[in-house]
Amino acid sequence: MAETVDVAHNKEPVHVVLGKPHQFADVGKQAKDLLYKGFSSGNMLMMSCVMPGGALLSTTATMFDGNVVGLMSTSFKSAGVQTELSGGTLNQITASSTYEDIAPGLKIALSTALPGAEDIGKAQVQYQLNNAAFDATMIGLKSTPTLEFSANLGSERLSLGASALYNSETKEVSTLNTGIGYLRPDMSAAFFYDPLKDNAMDAYFTRHISPRAMFGGHLHFKVDKQVASATLGGSVRMDAQSTIKAKWNNQGMLGALFEHQPNPFLTLGMYVDVDTFNLRRQPNVGFSVSILGSVA
């Protein structure tokens with residue numbers, strides 16, 4: 001069902017299609033992306049090329065604290081199966097396959113790594129219904145893996161869900177996260193509570209003040225330790241090619257991210273963070289360049 005809202009009485013409407021509930025891991029995604037996605041102080045260069053058969057070949061170099069990490073990956077889709085292969089300077093090869101056309105609403109993903117399959121290899125099953133979304137993941141390809149289960153019930157507008165993480169080696173449930181999410185074309189809100197992990201509560205929200213601007217926040221509170229943290233941020237789309245994001249937290253860290261896409265094949269980014277409680281500390285600065293090409 002499509003719904004149109006005139007945000008802040010602006011003549012440009014925001015269109016959002018409301019439908020099935022998200023996976024529980026995606027509840028609150030709008031605020032998480034606004035406040036945390038792209039805020040990295042490392043320098044990154046990424047070059048990608050679309051091959052004639054539709055395969056995507058990418059190379060990435062990231063420099064952080066004087067260390068350089070390189071990664072080369074390729075992804076392609078055939079007969080309804082998405083396959084990805086990658087390897088890099090960390091001397092690890094990873095491979096994953098995602099099957100989406102097995103049955104309506106059913107998705108299966110398998111991944112492994114050499115070395116390290118016993119710790120980070122995964123098998124995941126997701127099932128989507130009109131009013132429910134389920135996920136079951138096995139982490140670690142060994143006899144005593146970690147198991148994660150989640151369910152989210154409702155609709156894309158309003159949903160209630162939970163997730164649990166079970167360690168089959170220690171036979172303990174380490175996290176039991178419950179949450180509720182609310183989504184409207186001009187705002188979103190989410191609340192989570194985990195009684196097992198520091199008895200923690202998290203609240204997220206976003207609000208559009210125009211089709212080009214939004215703000216949001218995240219409040220994290222550990223009940224047992226009586227420790228709270230807060231992050232506030234916003235973004236402004238200056239034009240079709242440029243976006244500015246900024247955030248501040250109660251530890252005094254102020255961060256700003258500028259992204260510019262002069263054409264569909266080139267994306268430039270710059271990130272700066274400053275400790276407003278200690279202005280003598282040198283700011284962290286990061287640059288990113290992403291180039292996309294194709295072979296006819």
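Between Ala164 and Val173 the shortest heavy-atom distance is CB-CG1, 4.5 Å. Nearest heavy atom pair, residue Met238 against residue Arg212, reads O-NH1, 3.8 Å. Scanning both residues, Phe39 and Leu34, for their nearest heavy atoms gives CE1-O, 3.6 Å. The shortest non-hydrogen separation linking Ala117 to Thr112 is CB-OG1, 3.3 Å. Nearest heavy-atom pair across Phe192 and Val27 is CZ-O, 3.4 Å. Contact between Ala228 and Phe221 at its shortest, heavy atoms only, is CB-CD1, 3.7 Å.
Between the side chains of Ser58 and Ser48, at least one donor N or O sits under 3.5 Å from an acceptor N or O. Looking only at atom types and distance, the side chain of Asn152 has a donor-acceptor partner in the side chain of Ser159 under 3.5 Å away.
The OG1 atom of Thr62 lies 11.5 Å from the CG atom of Asn67; values are rounded to the nearest 0.5 Å. To the nearest 0.5 Å, atom CG of residue Leu110 and atom CE of residue Met138 are 8.5 Å apart. To the nearest 0.5 Å, the span separating CG on Leu45 from OG on Ser288 amounts to 9.5 Å. Annotation: the span from Asp275 atom CG to Met253 atom CE amounts to 5.0 Å, rounded to 0.5 Å.
Between His218 and Tyr204, the ring planes lie parallel to each other; the angle is under 30°, not in the 30° to 60° tilted range.
Side chain of Asp239 to main chain of Ser242: a donor-acceptor pair is present (N/O by atom type, distance under 3.5 Å, no hydrogens or angles). A distance-only check finds a donor-acceptor pair linking the side chain of Gln92 to the backbone of Pro115 [under 3.5 Å]. In this structure a side-chain-to-backbone donor-acceptor pair under 3.5 Å is missing from Asp135 to Gln126.
The residues Asp273 and Arg281 are annotated as salt-bridged, a charged nitrogen and a carboxylate oxygen being separated by less than 4.0 angstrom. A salt bridge does not link Lys222 with Asp224: every distance from a Lys NZ or Arg NE/NH1/NH2 to an Asp or Glu carboxylate oxygen is 4.0 Å or more.
Around CD1 of Ile93, the count of heavy atoms belonging to other residues, nucleotides or ligands within 6.0 Å does not exceed 12. Enclosure of atom CZ in Phe265 is not indicated, since only 12 or fewer non-hydrogen atoms of other residues, nucleotides or ligands lie within 6.0 angstrom. No more than 12 heavy atoms of other residues, nucleotides or ligands sit less than 6.0 Å from atom NZ of Lys197.
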Asn199 vs Tyr193, side-chain hydrogen bond (donor to acceptor under 3.5 Å, both in side chains): CA-CA, chis, key distance, verdict
CA-CA 7 Å; Asn199 206 14; Tyr193 174 62; 2.4 Å; yes
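One hydrophobic cluster holds both Tyr127 and Leu153 under the rule that ILVMFWY side chains link at heavy-atom gaps under 4.5 Å.
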